[in-house]
Amino acid sequence: MRVAIVTESFPPDINGVAHCTLQTADHLHRRGHHPLVIAPAGPPGGPPPATAGGPPESQGEVDRSHPYPVVRIPSLPLPGYPQVRVALPSRKLAAAITSHGSDVVHLASPFVLGARGMTAALRLRIPAVAVYQTDLGSYARTYLGAGENAAWRRIRAVHTAADRTLAPSTAAARDLDEHGVPRIRLWPRGVDTERFHPSRRDPELCRSLAPGGEPIVGYIGRLAPEKNVELLAPLSGRPGVQVVVVGDGPSEPALRAAMPRARFLGRRTGDDLARVFASLDVFAHTGPQETFCQTVQEAQASGVPVIAPAAGGPLDLIDHGRTGLLVPPGDATEVSDAVSLLAADARLRAALGRAGRVAVERRTWEAIGDQLIDHYTEVLAARTAVAA
């Protein structure tokens, strides 16, 4: 099967869309399929992609660091958040899909480039699967103070045109349905249960982060307004708890000022990230706008008890009191109380950590990737039946 994956973000970007797209393309390649990734180009001065002649490489710059072609479309930084790149209009997208001979178009969190990918799929009469992953309506409200309805009109238009929309959680599926999106199916996210594992816990790292042996409470993710990391500020000066923040983003300066006693470790990736996850005593996610919340899964796979808002994706991932704790969204007092409960009870931490690990052990990227291939197969079969 030849699959064109049109994504709003791809590595070296570090975010949920980029990570899921990479795992998807890698899995298709391992299973003997032929993925093509089309993504925004990085900023000028970054590593230049190798180029070569011939299809689909002739349709644009091609990143040769992967075992499948990655076509980069010229882009600009998003005003106010330069880490996010927005692809410019380009004929390279449709040309790359045509040259690739795609059987299906996969739209990863479509909004700008993905919307153009949907247009190309319609014109080329190629079935499209749209993966909903980002609550762009809430982002518009958070960053612009307006535009939520306009964002949902765009989301509805793109997803309604697709043959199938895949939602990562029951909460996301409900939101899509309430906004009039048809043909919704559930497709969660996988987790690397070998990389994220309790055995990665590093006693030396624990001692360096908390020399007094205090329980380490960590947040890992983007440092951005919608993540509400400031809810951890009341904990940062509390005796007996060490707050650790991992990640970067536009909110970092304000968070450093609000939490002077917290340890900020910056961006971590790969095995280093897994080591930090496993070395936490409590993982606290604070953002209420997650359509899934991959970091909750990674903490659970690491055997770390989790605290997260009772909203969005975490509702599917956490069985309150058994695999983690759910708290009311946006409530710093409830977050502090949950942390205090776990910090004072090592046996409860261990029980929640073990149960969380068991809950995700079969939720591998291989299993989730095979489910995606089944979705492709069903969409192709439905198109064939209609054509007949």
Side-chain angles (χ1 to χ4, degrees), residues 15-16 19-20 133-135 138-139 142 167-175 188-191 196 215-236 241 243-247 249 251 255 259 262 273 276-278 280-343 345 348-360 363:
N15 56 58
H19 181 67
C20 182
Q133 195 160 340
T134 306
D135 186 355
S138 294
Y139 277 37
T142 298
S169 64
T170 52
R174 183 173 57 251
D175 285 346
R189 302 291 176 266
V191 63
F196 296 97
I216 301 169
V217 179
Y219 167 86
I220 298 175
R222 287 187 298 114
L223 307 184
E226 73 276 5
K227 300 299 184 180
N228 289 12
V229 185
E230 67 276 2
L231 295 179
L232 299 180
L235 293 167
S236 66
V241 172
V243 175
V244 172
V245 177
V246 180
S251 295
L255 291 171
M259 298 189 286
L273 175 63
V276 174
F277 259 116
L280 301 177
D281 295 295
V282 178
F283 174 74
H285 186 82
T286 48
Q289 299 174 6
E290 304 295 331
T291 60
F292 185 74
C293 201
Q294 182 67 7
T295 53
V296 164
Q297 278 203 139
E298 291 168 347
Q300 290 175 321
S302 303
V304 176
V306 299
I307 298 168
L315 291 170
D316 282 2
L317 299 175
I318 298 174
D319 181 0
H320 180 68
R322 190 181 71 84
T323 64
L325 299 179
L326 294 168
V327 297
D331 194 322
T333 300
E334 291 284 351
V335 172
S336 295
D337 288 348
V339 169
S340 296
L341 174 65
L342 294 181
D345 194 335
L348 178 58
R349 294 200 304 269
L352 293 178
R354 285 194 299 269
R357 170 71 191 184
V358 170
V360 301
R363 209 177 295 156

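Between P309 and G287, the shortest heavy-atom contact is CG-O, 3.4 Å. The minimum heavy-atom distance linking G247 with L223 is given by the pair O-CD1, 3.4 Å. The nearest pair of heavy atoms linking P329 to A310 is CG-O, 4.1 Å. Contact between R349 and A343 at its shortest, heavy atoms only, is NH1-O, 3.0 Å. Across D281 and P215, no two heavy atoms sit closer than the pair OD2-CA, 3.4 Å. The nearest pair of heavy atoms linking V327 to A338 is CG1-CB, 3.9 Å.
By the 4.0 Å N-to-carboxylate-O rule, K227 lies close enough to E290 to be salt-bridged with it.
Remark: S336 OG to L231 CG distance equals 8.5 Å, nearest 0.5 Å. Note: L255 CG to Y219 OH = 9.0 Å, rounded to the nearest 0.5 Å. In this structure, the separation between CG on L317 and OG on S169 is 8.0 Å, given to the nearest 0.5 Å. A distance of 8.0 Å separates CG in L280 from OG in S302, rounded to the nearest 0.5 Å. One finds the CG atom of N228 at 7.5 Å from the CD atom of Q289 (value rounded to the nearest 0.5 Å). From L232, atom CG reaches atom CE of M259 across 5.5 Å, with rounding to the nearest 0.5 Å.
A side-chain donor-acceptor contact under 3.5 Å links D345 to the backbone of L348. With R357 contributing its side chain and A301 its backbone, the two residues share a donor-acceptor pair below 3.5 Å. For E298 (side chain) and F277 (main-chain N/O), no donor-acceptor pair under 3.5 Å exists by modelled atom type. At least one donor-acceptor pair closer than 3.5 Å links the side chain of T291 to the backbone N or O of Q133.
Residues H285 and I307 have side chains not in contact (no heavy-atom distance under 4.5 Å, counting atoms from C-beta outward). Under the 4.5 Å side-chain criterion, counting only non-hydrogen atoms from C-beta, P168 is not in contact with P188. A heavy-atom distance below 4.5 Å is not found between the side chains of L315 and T170. With contacts defined as side-chain heavy-atom distances shorter than 4.5 Å, the pair V282/V304 does not qualify.
Results of the side-chain contact (heavy atoms from CB on, under 4.5 Å) test with L325 over V335, D337, V339, L342 single out L342 as the only residue that passes.
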For side chain to side chain contact (heavy atoms under 4.5 Å, CB included), just list the numbers for I318 and V306, CA-CA rounded to whole Å, side-chain angles, deciding distance to a tenth of an Å, and then say yes or no. CA-CA 8 Å; I318 298 174; V306 299; 3.7 Å; yes
Evaluation steps, side chain to side chain contact (heavy atoms under 4.5 Å, CB included), between V217 and V244: CA-CA 6 Å; V217 179; V244 172; over 6 Å; no
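Side-chain atoms of Q297 and Q294 include a donor-acceptor pair closer than 3.5 Å.
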